[in-house]
Student: 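This is the structure, below, for whatever I ask next.
Atoms within each ligand, like the ligands themselves, are counted from 1 in listed order. If you're wondering where the values come from, they're calculated on a predicted model, not measured in any experiment. Hydrogens, waters and symmetry mates play no part in the numbers below; they use all other heavy atoms, side chains included.
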Amino acid sequence: MQSAVIGFPRVGKLRELKFACEKYFRGEVEKEDLWKEAAKLRKEHWEWQQSFGIQYISSNDFSFYDNMLDAAVLLNAVPECYRKLKLNETDTYFAMARGYQGEAGDVPALAMKKWFNTNYHYIVPEIGADTQIRLNGSKPFEEYREARCLGIQTKSVLIGAFTFLKLAKYQDNKTPDDYVDAMVSGYRAVLEKFRTLGAEWVQLDEPALVTDLTKEDICLFETLYKQILAGKGKLKVLLQTYFGDIRDCYRNVAALDFDGIGLDFLEGKKTKDLVETYGFPEDKVLFAGLVNGKNIWRCNYRETLEVLWEIKKYTPQIVLSTSCSLLHVPYTLGSECSMKAEVKQHFSFALEKLQELQELSVLTECDDYKAQKEYVDNRRLFEQERPFVHAEAKQRAAALSEKDFIRQPERAERQRLQKKAFGLPLLPTTTIGSLPQTQEVKRNRSSYRRGEIDKSTYDSQVYAFIKECIEKQEQIGLDVLVHGEYERNDMVEFFGENLSGYVFTDKAWVQSYGTRCVKPPIIFGDVMRIAPITVDYSVYAQSLTERPVKGMLTGPVTILNWSFPREDISLKEMAYQIGIAVREEVLDLERAGIRMIQIDEAALKEKLPIRRSDWYSGYLDWAIPAFRLCHSGVKPETQIHTHMCYSEFDDIIREIDDMDADVISFEASRSKLTILDAIRENHFETEVGPGVYDIHSPRVPSVEEIVTALRIMLTKISKEKLWVNPDCGLKTRGMPETEASLRNLVEAAGIVREEL
Ligand code: GLN
Ligand code: ZN
């Protein structure tokens, strides 16, 4: 059986691409240097895949920032405000990604959104009256040629026309239908070009097909592809789907003239049923996504082969594939030097997944596959008992009852008591938690990690940073302060390190957006808190000031969603185990005199199932209670804050309110404040701080800009309920721009406060 890879991680084994791009952003290297580094990485990635005998290797899965942005540029969807800067092609691209502030002008970045149910974020293309969609770029062709020069025949990967139109943002009353003809010509031109280059296959990614589709959506999809495919000639087109099943359009897809269809058999709960019920067209190749592109556990060969034998009854032409791009898993276990062998044997990162594809391909050819060493070893691994079992953690989660999830008294009463207790001005100003992680902060941590300094030296440095940051915030004039989060490099890893059941990696980076990567910890066993985690830092920060300092924790759903989860117990059970640990920390903070506690649920929306039918049972039904569990035991005067990234929660606004926090802050600036209407319509009770500026870009917002945003917010949110804050943590920003931005924020809040 042949094998395929949907996409490979592009950032490099040691995040080489990130460092190269950032050097370029800082003006330290030329474009040519960046290009050279990128080509080196692409070569390495293709060659790895070739060495594991993968027949269908992707090209154009590489990107300097994001594949959706690449597609927008390829299709000429560059908004006028970026063209007007008159920068060169590369800098226009990065201006769209990151915003631009300089001699040529001042333009914010395009919006960024979560890529389906992953922690990857894509750039949202903007389409309006001035957009002329047509093929206007050569990146996929150049990368295809580059691979061929290395002797590697690749399938180029492009975001498909349907997903592109579904995810784009429209202006000037435009709709996807207005762009069908242009998209068809654009994609036909792409296929034509590949045909002349001698390509055999092209892969069009259509993950939007796994969402709930309307009749109009299906009609749009069919209209696009009937015409696009009519021009493909000898070139073969693979329609690739992932992150779920295509139950709404399986038969429509099967009836179109694709040469291959890629289906996800892991997250697609109904994929196998669909094939069994409706069969699979004999003239097409089925790319069966069975090696998990999202999680890091070894593939269970017995289960995988069983599925393969079953679907083989329906179609002879099967290629074994990954379930989605390997972009969502780290590069290789080979970089993990400190991980114990008994743990490591259970994992498989991108390179190891290539090996799994290879081994599985071989096993499918053997009649006595059960006797093969690869198979036997794999069986043994899955049959063996795993370490890190904690009966106590299991029992405590099982013993939870109704009252553990309900905070008393009701929120309105608490808010009244809290207003009195804190005496804050209207429109209180605050930040989300972290302040810039300067070189000194990072150096302190790395010295400690390398064993160059001991824990007390490390901590005394952290305390010095805290002191400085409290003083700075007082000078800036913020009302509610934070301790700066200098003790953590990552809001999940830090907590994981202080919980039993977690396993850490040295280099297991996964791309989150642009050049940003995260290093998710792994939930390996039952989770329990070992000792207080943040109390000393918070108590110290509070001792330095009269103003309230927020205790800063990460919530259970986010800890879970930003970790690689176990596959042997339910997400709910894991969330409750973590919830109990966070609850203990909350109560310790309160006991130590901390009066405001923020429990971040940055990633709550992240794992919301793609299909609405799965939202309430199987996600929100345990995610919301897991959060409530953390704070239901605090006093009425203790103010519970939460924070979420990405305000696209208009449709679960009631459930968010139901988390029963006292205050919530969230990202709003990049998504242009649409959430405010939902807040008003649903009589949202939680006090709110919709972010007044975008921290993902280095640009400093002006006072006027913030004043305008606040005035708009006040048309939808009562003045008693509005907070003023940036849209997310500031740790990735530099100090000068942060200070300037916060000063403008405080000034703007003051101006608007005067008007009230
Ligand atoms: N408190 C965290 C911080 O400020 C929240 C980060 C986040 O939402 N991603 O860094
Ligand atoms: Zn955030």
Student: Without hydrogens or angle criteria, can the side chains of Asp600 and Thr554 be said to hold a donor-acceptor pair below 3.5 Å?
Tutor: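 Judged by distance alone, the side chains do not pair up.
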
Student: Under 4.0 Å from a heavy atom of Cys728: give me the atoms of ligand 1 that qualify, with their elements.
Tutor: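 Listed by number with element: 7 (C), 8 (O), 9 (N).
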
Student: Please round to the nearest 0.5 Å and tell me the distance separating atom CZ of Arg529 and atom CD of Glu585.
Tutor: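 Here the rounded value is 5.0 Å.
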
Student: Please state which protein non-hydrogen atom is closest to atom 1 (N) of ligand 1 and give its distance, to 0.1 Å?
Tutor: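 Checked against all protein heavy atoms, atom 1 (N) of ligand 1 sits closest to Asp600 OD2, 2.6 Å.
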
Student: Please say whether Trp562 places an N or O atom under 3.5 Å from an N or O atom belonging to ligand 1.
Tutor: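 No; every N/O pair is 3.5 Å or more apart.
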
Student: Could you tell me whether a side-chain N or O of Thr642 sits under 3.5 Å from a main-chain N or O of Ile599, the two making a donor and an acceptor?
Tutor: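 Judged by distance alone, yes, a pair lies under 3.5 Å.
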
Student: Hey, is Arg414 close enough to Asp660 for a salt bridge, meaning N to O under 4.0 Å?
Tutor: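 Salt bridge: yes.
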
Student: List every atom of ligand 1 that sits less than 4.0 Å from any heavy atom of Gly433, numbering the atoms from 1 in the order shown and giving each element.
Tutor: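 Near Gly433, the atoms of ligand 1 are 4 (O).
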
Student: Mind checking whether Gln598 has an N or O less than 3.5 Å away from an N or O of ligand 1?
Tutor: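 No: no nitrogen or oxygen of Gln598 is under 3.5 Å from one in ligand 1.
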
Student: Between the side chains of Arg680 and Asp677, is the shortest nitrogen-to-carboxylate-oxygen separation below 4.0 Å, so that they form an ion pair?
Tutor: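 Answer for the salt bridge query: no.
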
Student: Classify the contact between Lys731 and ligand 1 as side chain, backbone, both or neither, using a heavy-atom distance cut-off of under 4.0 Å.
Tutor: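 Answer for Lys731: neither.
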
Student: Under 4.0 Å from a heavy atom of Gly729: which atoms of ligand 1 are those, numbered in the order shown and with their elements?
Tutor: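 Taking each heavy atom of Gly729 in turn, ligand 1 has 3 (C), 4 (O), 10 (O) under 4.0 Å.
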
Student: Atom 6 (C) of ligand 1: which protein heavy atom is closest, and how many Å away?
Tutor: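 The protein heavy atom lying closest is Met491 SD, 3.4 Å.
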
Student: Anything under 30° is parallel, anything over 60° is perpendicular, the rest tilted; go ahead and classify Tyr463 against Tyr540.
Tutor: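 Taking Tyr540 first and then Tyr463, their aromatic rings stand perpendicular (interplane angle over 60°).
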
Student: So does Glu747 pair up with Arg743, basic N to acidic O under 4.0 Å?
Tutor: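 Between Arg743 and Glu747 there is no salt bridge, as every charged N stays at least 4.0 Å from the carboxylate O atoms.
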
Student: Which of the atoms in ligand 1, numbered in the order shown and given with their element, are less than 4.0 Å from a heavy-atom of Cys645?
Tutor: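 So the answer, numbered in order with elements, is 7 (C), 8 (O), 9 (N).
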
Student: Could you pull out the N/O/S protein atoms under 2.8 Å of the Zn ion (ligand 2), ignoring any water?
Tutor: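 N, O, S partners closer than 2.8 Å: His643 NE2, Cys645 SG, Cys728 SG.
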
Student: For ligand 1, is there an N or O atom under 3.5 Å from any N or O atom of Met552?
Tutor: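 No, there is no polar N/O contact under 3.5 Å.
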
Student: Distance check, rounded to the nearest 0.5 Å: Phe422 atom CZ versus Glu637 atom CD?
Tutor: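 Rounded to the nearest 0.5 Å, the CZ-CD separation comes out at 8.5 Å.
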
Student: Less than 4.0 Å between a side-chain N and a carboxylate O, is that true for Asp621 and Lys572?
Tutor: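 Result for this pair is no, no salt bridge flagged.
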
Student: Could you give the distance from NE2 (His483) to NZ (Lys550), rounded to the nearest 0.5 Å?
Tutor: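 Between atom NE2 of His483 and atom NZ of Lys550 there are 11.5 Å.
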
Student: Between Met644 and ligand 1, which residue portion shows a heavy-atom distance shorter than 4.0 Å: side chain, backbone, both, or neither?
Tutor: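 None of Met644 does.
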
Student: If you measure from the Lys or Arg side-chain nitrogens to the Asp or Glu carboxylate oxygens, is any gap between Glu739 and Lys472 under 4.0 Å?
Tutor: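 Here Glu739 pairs with Lys472 in a salt bridge, since their nearest N and O are under 4.0 Å apart.
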
Student: How does Ser434 reach ligand 1, if at all, at less than 4.0 Å between non-hydrogen atoms: by side chain, backbone, both, or neither?
Tutor: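 Both backbone and side chain.
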
Student: Less than 4.0 Å between a side-chain N and a carboxylate O, is that true for Lys419 and Glu720?
Tutor: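 Salt bridge absent between Glu720 and Lys419.
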
